[in-house]
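Read through the structure below, which is laid out as structure tokens, and then see the notes.
Counting starts at 1 for both ligands and their atoms, following the listed order. For the numbers below, each heavy atom of this structure counts, side chains included, while hydrogens, waters and symmetry mates do not. Values in this document were obtained by computation on a predicted structure and should not be read as measured data.
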Amino acid sequence: MKLNYRGMTIYVEKDYAAMSRAAAELLVQTVKENSATVLGLATGSTPIGMYQEVVKAYQRGEVDFARTLSYNLDEYYPINHDNDQSYHYFMRENLFRHINILPENTHVPSGEAKDVERSAAEYDEKIYAIGGVDLQVLGIGNNGHIGFNEPAAIFAKGTGLVDLTESTISANSRFFASIDDVPKKAVSMGIATIMQAKRIMLLASGQGKAGIVAQTILGEITPQVPASALQLHRNVTFFLDEAAAAELLAKLGK
Ligand code: GLP
């Protein structure tokens with residue numbers, strides 16, 4: 001099902017696999033149209049299926065990433081880039097090493113930088129210098145965070161060091177040996193960095209995300225629900241499975 005709500009495009013797919021295929025189609029199509037596309041990429045469990053579909057399309061010879069650039073949303077801080085929970089590691093394992101994107105064309109905020117604020121500011125400068133992100137992929141946290149922009153009193157502008165909330169630390173502890181191993185901070189693109197992308201796609205799956213998805217699309221635009229800022233973007237597409245869309249569809253009477 002395809003919906004349009006106040007200028008936002010919303011695809012509701014049967015399940016996770018169908019959502020992943022639909023999302024991959026948009027990403028692949030974008031790179032096919034312009035092989036020098038600048039992708040903004042996301043981690044988390046949600047986009048893994050999409051990345052697998054992208055890899056399959058590459059293996060079928062449908063798409064070429066030789067000129068593609070990528071800028072990831074975020075990274076834990078501090079974290080060693082070889083740590084298997086780092087987002088550097090995640091991106092290598094789930095996407096980069098399976099396609100022909102050049103390692104020097106991939107960028108992930110540094111979790112190792114000594115001067116983290118400076119390295120974060122330089123990250124934004126690089127993005128702006130190349131003319132910005134063409135297609136930004138997002139997941140969504142249970143509390144409405146995008147990247148690692150947690151609910152806050154104001155929307156963060158640029159890339160910077162952020163404190164993770166207890167709820168995010170506890171949600172992400174499932175990937176670590178123990179909750180004490182989860183870094184308490186991260187480096188994340190700010191809301192302004194995310195919003196400069198020419199096109200944004202947000203993926204959400206499962207009933208656990210149903211409430212926050214409805215709030216993001218229908219609710220008040222507030223930094224307490226960072227993803228609600230997307231209502232202000234002119235080219236945003238949501239890829240949801242039926243479980244994640246349930247509350248939205250009920251509220252819309254669909
Ligand atoms: C992490 C990432 C986000 C991601 C979110 C949801 O905290 N920083 O970019 O969207 O988790 O993750 P999942 O897709 O596993 O639910």
Side-chain angles (χ1 to χ4, degrees), residues 13 15-17 19-20 23-24 27 39-53 70-79 81 83-91 93-95 107-111 120 123 133 135-152 156 159-176 179 181-191 193-195 197 200-213 215-217 225-230 236-241 243-245:
E13 305 291 337
D15 53 18
Y16 178 72
M19 182 214 65
S20 300
L27 194 154
L39 294 172
L41 297 176
T43 57
S45 53
T46 310
I48 291 178
M50 176 187 75
Y51 291 143
Q52 287 168 349
E53 293 296 329
S70 73
Y71 284 83
N72 260 76
L73 279 170
D74 51 9
E75 176 59 285
Y76 289 111
Y77 188 85
I79 200 160
H81 296 169
N83 183 315
D84 62 6
Q85 291 312 321
S86 77
Y87 289 168
H88 281 78
Y89 186 95
F90 176 104
M91 290 310 301
E93 287 308 306
N94 287 294
L95 185 65
H107 307 83
V108 180
S110 178
Y123 196 74
V133 166
L135 177 64
Q136 176 67 55
V137 178
L138 298 175
I140 184 167
N142 297 324
N143 60 7
H145 74 229
I146 46 177
F148 266 132
N149 291 282
E150 299 280 32
T159 302
L161 189 62
V162 296
D163 291 314
L164 301 182
T165 60
E166 286 303 324
S167 91
T168 296
I169 292 169
S170 125
N172 290 4
S173 66
R174 68 190 195 276
F175 302 114
F176 289 81
I179 193 158
D181 293 334
V182 186
K184 307 290 178 283
K185 291 179 187 283
V187 185
S188 177
M189 278 189 192
I191 296 294
T193 320
I194 293 170
M195 293 290 282
I200 297 180
M201 56 193 289
L202 184 147
L203 283 61
S205 162
Q207 68 172 62
K209 297 281 171 73
I212 199 65
V213 163
Q215 246 184 299
T216 295
I217 297 173
V225 181
S228 66
L230 299 176
V236 56
T237 305
F238 290 85
F239 290 94
L240 311 174
D241 62 12

Is it the side chain (CB and beyond), the backbone, both or neither of [X] that lies under 4.0 Å from ligand 1, heavy atoms counted?
X	value
F90	neither
N172	side chain
R174	side chain
A42	neither

Without hydrogens or angle criteria, can the side chains of N172 and Y76 be said to hold a donor-acceptor pair below 3.5 Å?
yes
Where ligand 1 meets [X] - atom numbers and elements under 4.0 angstrom, heavy-atom basis:
X	value
H145	1 (C), 3 (C), 5 (C), 7 (O), 11 (O)
G139	10 (O)
I140	6 (C), 10 (O)
T46	13 (P), 14 (O), 16 (O)
G44	12 (O), 14 (O), 15 (O)

Look at atom 8 (N) of ligand 1 and find which of N149, L202, D74 reaches it with the closest heavy atom.
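Checking each option, the heavy atom nearest atom 8 (N) of ligand 1 is found in D74.
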Tell me which one of S188, G147, A204 gets a heavy atom nearest to atom 3 (C) of ligand 1.
G147
Any nitrogen or oxygen of F175, main chain or side chain, under 3.5 Å from a nitrogen or oxygen of ligand 1?
no
Please report whether ligand 1 has a polar contact with T168, defined as an N or O pair separated by less than 3.5 Å (distance criterion only).
no
Backbone N or O of [Y] within a donor-acceptor pair of the [X] side chain at under 3.5 Å?
X	Y	result
Y87	P109	no
H81	G111	yes
Y16	G49	yes

T46 vs M19 side-chain heavy atoms within contact, under 4.5 Å:
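T46 reaches M19 side chain to side chain.
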State, with a plain yes or no, whether a side-chain heavy atom of M50 is found less than 4.5 Å away from one of V137.
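Sidechains of V137 and M50: in contact.
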Could you identify the single nearest non-hydrogen protein atom to [atom] and state the distance to 0.1 Å?
atom	value
atom 2 (C) of ligand 1	Y87 OH, 3.7 Å
atom 16 (O) of ligand 1	K209 NZ, 2.7 Å
atom 15 (O) of ligand 1	S45 OG, 2.6 Å
atom 4 (C) of ligand 1	T43 O, 4.1 Å

If you take all heavy atoms of S188 and I146, which pair is closest and at what distance?
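Nearest heavy atoms, S188 then I146: OG-O, 4.5 Å.
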Do you know which two heavy atoms are closest between D241 and S205, and how far apart they sit?
OD2-OG, 2.7 Å
Would you say that more than 12 heavy atoms from the other residues, nucleotides or ligands in this model lie under 6.0 Å from the CD of Q207, or not?
no
Are F90 and F175 an aromatic pair by the rule of ring centers under 6.0 Å?
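No, they do not, as the ring centres are separated by 6.0 Å or more.
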Verify side-chain contact (heavy atoms from CB on, under 4.5 Å) between L73 and T43, making sure each step is shown before the conclusion.
CA-CA 8 Å; L73 279 170; T43 57; over 6 Å; no
